[in-house]
Amino acid sequence: MLITFKDSQEATKNEYKEHAEGVYQVKITKVTEGVWSQAKSEYLEVEFETMGEDVFTVRHRFTKSQKALSILLNLLSAVGIYDKDSKEDLRFENDDLLGSILKVEFVKGDVNANGKQYLEFKPWSCEAVSGLASPKTAEKKDEDSSEVPF
């Protein structure tokens, strides 16, 4: 492999493009789990890729805590995994979210240390896109399963 000086300069450029706030049609392209180091609470990180002419990515961490659970359930409802009227325990795989198409609202976040202001996911802003989002079905929890879904 040959890496020229020009290539390495291009690769290290930190390009920043400001995007407008608003409601975007997005596709979920990546879902990962993690743990906040300080609070030791779990989260589900979802990567949203906008669709259309101006394609960009926004990531959001949905905290798996009682306080923030309604925000995550709103997303799961919009992609057809969660039914708010169901009394069953919810179990799903992260891959069940991949490829889901929905509408979400992005708002400007705080200005960071570099003076840049990125878009952030607005909580409770997920909506199904009629005719585009294919409903998913979550598995019912096995009675003898010792695993906790969150």
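Since this is a predicted model, take the numbers as computed values, not measurements.
Side-chain contact between T63 and I71 is absent, with no heavy-atom pair separated by less than 4.5 Å. Proximity of D95 to V31: side-chain heavy atoms (C-beta onward) are nowhere separated by under 4.5 Å. Looking at V79 and D96, their side chains never come closer than 4.5 Å, going by heavy atoms from C-beta outward.
Between F121 and F48, the ring planes lie parallel to each other; the angle is under 30°, not in the 30° to 60° tilted range.
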Between K122 and E21, does the salt bridge (Lys or Arg N to Asp or Glu O under 4.0 Å) criterion hold? Intermediate values first, please. CA-CA 10 Å; K122 181 178 179 182; E21 290 183 318; over 6 Å; no
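Between F92 and L90, the shortest heavy-atom distance links the atoms CD2-CG, 4.2 Å. Across every non-hydrogen atom of E120 and D110, the tightest pair is OE2-N, 4.1 Å. Of all heavy-atom pairs between L119 and V58, the closest is O-CG1, 3.9 Å.
Heavy atoms of other residues, nucleotides or ligands lying less than 6.0 angstrom from NZ of K30 number 12 at most.
V107 and Y24 are not part of a single hydrophobic cluster, where members link through side-chain heavy atoms under 4.5 Å apart. By the criterion of side-chain heavy atoms lying less than 4.5 angstrom apart, applied directly or through intervening Ile, Leu, Val, Met, Phe, Trp or Tyr residues, V23 is not grouped with V129; the two fall into different hydrophobic clusters.
Here the straight-line distance linking atom CD of E42 with atom NZ of K40 works out to 12.5 Å at 0.5 Å rounding. Y43 contributes atom OH, which lies 10.5 Å from atom NZ of K64 (distance to the nearest 0.5 angstrom). The distance from the CG atom of L44 to the NE2 atom of H60 is 10.0 Å, given to the nearest 0.5 Å. The distance from the CG atom of L72 to the CZ atom of R61 is 14.5 Å, given to the nearest 0.5 Å. Here NE2 of H19 is found 7.0 Å from OG1 of T50. Values are rounded to the nearest 0.5 Å. Atom CG of N74 is separated from atom SG of C126 by 5.0 Å, given to the nearest 0.5 angstrom.
Put simply, the residue from L76, L73, V46 that forms a side-chain contact (heavy atoms from CB on, under 4.5 Å) with F62 is V46.
Without hydrogens or angle criteria, Q117 side chain to G109 main chain gives a donor-acceptor distance under 3.5 Å. In terms of modelled atom types and a separation under 3.5 Å, the side chain of N112 and the main chain of N114 share a donor-acceptor contact.
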